[in-house]
> 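Mind having a look at this structure? Questions to follow.
Letters A, B, ... mirror the listed sequences (proteins, then strands); counts begin at 1. These numbers come from the heavy atoms of this one structure, side chains and all, not from hydrogens, waters or symmetry mates. Computed from a prediction, not measured in an experiment: that's the story for all the values here.
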Amino acid sequence: MFDNLSTKLQDIFGKLKSRGKLSEKDVDAAMREVRLALLEADVNYKVVKDFVSKVKERAIGGEVLDSLTPGQQVVKIVNEGLTELMGSTESKLSFAPRPPSIIMLVGLQGSGKTTTSAKLAYHLRSSGKRPFLVGADVYRPAAIDQLRTLAEENNISFYSDDPSTAPMTIVKDGIRAANQKGSDVIIVDTAGRLHIDDDMMLELEQIKKEVKPHQILLVVDAMTGQDAVNVAQSFRDRLDFDGVVMTKLDGDARGGAALSIKAVTGRPIKLVSVGEKMDSLEPFHPDRMASRILGMGDILTLIEKAQANIDEKQAREMEDKLRRADFTFEDFLDQMEQMQKMGPINQLIKMIPGMNKLPKDIAVSDQDLARIRAIIQSMTREERLTPNIINGSRRERIAKGSGTDTHQINQLLKQFAQTKKMLKQLGSMQGKGRMPKGSFPFMG
Amino acid sequence: MKWFRRQEKHDEAEELEAIEVGAAARVAEEAIDEAAEVEPDQLEEAEVESEEVFEEEDQETVSWFARLKKGLTKSRENIVGKISTLLTMHGKIDEELWDEMEAILIQADLGIHSTTRVIDSVRESVERERISDVEQVMGLLKKELTRILKTEAPQTLDHTSERRIYLIVGVNGTGKTTTIAKLARSFAKEKQSVLLGAADTFRAAAVEQLDIWAKRMGVDIVKHERGADPAAVVYDAIHAASARRIDVLLIDTAGRLHTYVNLMEELKKIKRIAEREKGDADLQTLLVIDATTGQNGIAQARLFHEALEVDGIVLTKLDGTAKGGIILAIHDELAIPIRYIGVGEGMDDLKDFSADEFIEALIGS
């Protein structure tokens, strides 16, 4: 996500950074590009205007232009500005002092409320809560069945009724059922509706008045265009929602809506959905996201993912091997598997500083990894440990075994040699942090 | 009907008046399709037989064009209204004017590429013809917007066969299943036999959702269990349609983000199977795009098109507050014809796309 915006901003600031001195004109030119990049990313027009004038004001201030690294200073100001736009700190869900807490999800049709309800329940259960799902979307055919199925598959308590029942009745009965179960968080899925549909908005207002949810979350599709702020504003005016869940952030949406909603409604983004699986709902970190937009990487999230998924002992062994540079195909495979546990490779790469600048055509997909795995698994143990023995006939055998061709084997062998060389260099420049461009292991 | 009344409340009185007059004239002139408003909840309340639903049409006198126009009034105000205000306020032709005009078009979701093309073209005309009167800029702009939609206006697709298969694809949440229900209804109204293929085997209860629609429409459905191979559903559905000599087979697929390579491969496989098995039927792939989508709509259209050679686009949810812009952007960049547009929540609110009517509604006269 945010790929294009990120690339654009990096281009612009690459130019700025390469100069020692900046004039006001330089900043103006860069800010014009920033403005267009943000607009292209679907950031709301008014938000962009405001943002650009604020950043310009700060950037043209004497301390920046006279500093030794004016380009970097401008990047810093833009970064801070973006972070501020999205809310400066992580905004957590809040719960009622005395359980149960009621969380109601609202939004337009197709924004992903039902899936998000189930993901939210899953997310809360992982953090030790006892969630309960209430399906109150009586309008979309089988919406209740959908939530019921997701609840059953994930062992989450659930209540709903026949679609001919009034949503208000379902919600009230659901809360009663949840209380009997001793659940501490009740998640209410409501029907999608247009923000200008008076009757349907009134229905939500009445439910709000009656059951007094502790949190109302607006579910917003990350691919929404300029209209996102209008939608958010209408929902705020009528329901005074508490926060936003951004969905479908796993695509290539530039996500400008994310930047705009907080700025326009004052309501923070609390959670983001970044995949199709149940565990793909994550807290939203504005600072990390801003870094990501500017191509400064999101190393914090990467480290957290690594900590959660990688065996520490194995990691230390790996580190030793890297230092000694006796890195074999066995390790290669090992490391690959560890990485895959952390999530789709494309998303991981984007978190590494400098890595999102890679041209699109050398992106690594999970398919590429599967192919690499097949090739390595078609090697004998001896070949894996000492790849130089792989001659022509061995290559042909490996190609046959893995369903690839010798060209692909050659490519992998070459990559492996390069990776090994790179790791050697890395080992000798420990602590410098920044990886050389394009030298990520397994990079095609 | 309910939906219509509801919409009215939100519209400002003067706006409404202007449209009603226009609509009345148009109804008289062209007597465009008349539509029944069937609310999903009304259907839910009473198990309405499909024939009864069809009979309701006669009671409805508002043309869909009026509704489209009404729906688009807000975006008309976005583009034309705002620019008109800008021109009046600004009063002179200079850099700032072009910048502001650019911003307005972008805000209408036209996208930077199309916006730049429109502005450059208008600017060129202004300079060539040495225009200094701000008033004339408006005319040039309208002409340019019209040109984009007109020159690349969609052709009605020729059907090579009486029997048709529609493969409905799109990202999550654009309204594929609902679109299928609406298409099924419109074909059934034309007395064509319709079969639904439930190839969204991924999303929980997607099959049930389509099944409910099939029952309401009184049409048959081919379905497998959730988690089944969607290509197998397609295979079965095509063979069932062929054996029963069904006129129109509508195939629902799981929503997927265009960036998931494996999921797009799955769709390619589905299409390959459909091509191979279709026999004498005519296969068309329709991409469903949500009108509230921003510039990502172009990426969606591009990637789905690259993978599947999309024959047409269905633009849904044009009854919200964001609309118009993305159509121009998609047209401008990809020239994929827009086949249908969804202008409301009622079952008859899916209409054939007509560039002329759309421009008329969008830009006004």
> Can you tell me which portion of B:Asp99 sits under 4.5 Å from chain A's heavy atoms? Options are side chain, backbone, both or neither.
both
> Given side chain to side chain contact (heavy atoms under 4.5 Å, CB included), test B:Leu263 with A:Glu276 step by step and report yes or no.
CA-CA 11 Å; B:Leu263 295 179; A:Glu276 296 205 323; 3.7 Å; yes
> How close do A:Asp227 and B:Thr292 get, heavy atom to heavy atom, and via which atoms?
OD2-CG2, 4.3 Å
> So do A:Leu194 and B:Asp319 actually touch side chain to side chain, heavy atoms under 4.5 Å?
yes
> Decide yes or no on side chain to side chain contact (heavy atoms under 4.5 Å, CB included) for B:Thr316 and A:Gln109, but give the supporting numbers first.
CA-CA 11 Å; B:Thr316 58; A:Gln109 288 98 337; over 6 Å; no
> Is there a side-chain contact between B:Arg226 and A:Glu153 in this structure, where contact means two heavy atoms from C-beta onward sitting under 4.5 Å apart?
yes
> Under 4.5 Å heavy-atom distance to chain A, tell me which part of B:Leu303 shows up: side chain, backbone, both or neither.
side chain
> Determine the minimum heavy-atom distance between A:Gly275 and B:Tyr260, stating which atoms define it.
CA-OH, 3.8 Å
> So A:Lys248 and B:Asn172, side chain to side chain contact (heavy atoms under 4.5 Å, CB included) or not? Walk me through it.
CA-CA 8 Å; A:Lys248 308 180 206 173; B:Asn172 317 63; 4.2 Å; yes
> Is B:Thr293 close to chain A through its backbone or its side chain, or both, or neither, when contacts mean heavy atoms under 4.5 Å?
both
> Could you tell me which non-hydrogen atom of A:Gln226 sits nearest to which non-hydrogen atom of B:Asp109, and how far apart they are?
N-OD1, 3.0 Å
> At a heavy-atom separation under 4.5 Å, does B:Val171 approach chain A through its side chain, its backbone, both, or neither?
side chain
> Please determine, among B:Asn262, B:Thr115, B:Asp290, the option with the most heavy-atom pairs under 4.5 Å with chain A.
B:Asn262
> What part of B:Glu102 lies closer than 4.5 angstrom to a heavy atom of chain A: side chain, backbone, both or neither?
side chain
> Nearest 0.5 Å please: distance from the CD1 atom of B:Ile106 over to the CG atom of A:Leu38.
11.0 Å
> So, for A:Ala142 and B:Ile212, which heavy atoms are closest and what is the spacing to 0.1 Å?
N-CD1, 3.5 Å
> Could you check whether any side-chain heavy atom of B:Leu257 comes within less than 4.5 Å of a side-chain heavy atom of A:Met223, counting everything from C-beta outward?
yes
> For a quick test of reading the model, state the closest non-hydrogen atom pair linking B:Gly294 to A:Asp42 and the distance between them.
CA-OD2, 3.4 Å
> In Å, rounded to the nearest 0.5 Å, how long is the span from CZ of A:Arg140 to OG1 of B:Thr178?
8.0 Å
> Heavy-atom pairs under 4.5 Å with chain B are the metric here; pick the option from A:Arg148, A:Gln146, A:Lys49, A:Lys46 that has the most.
A:Gln146
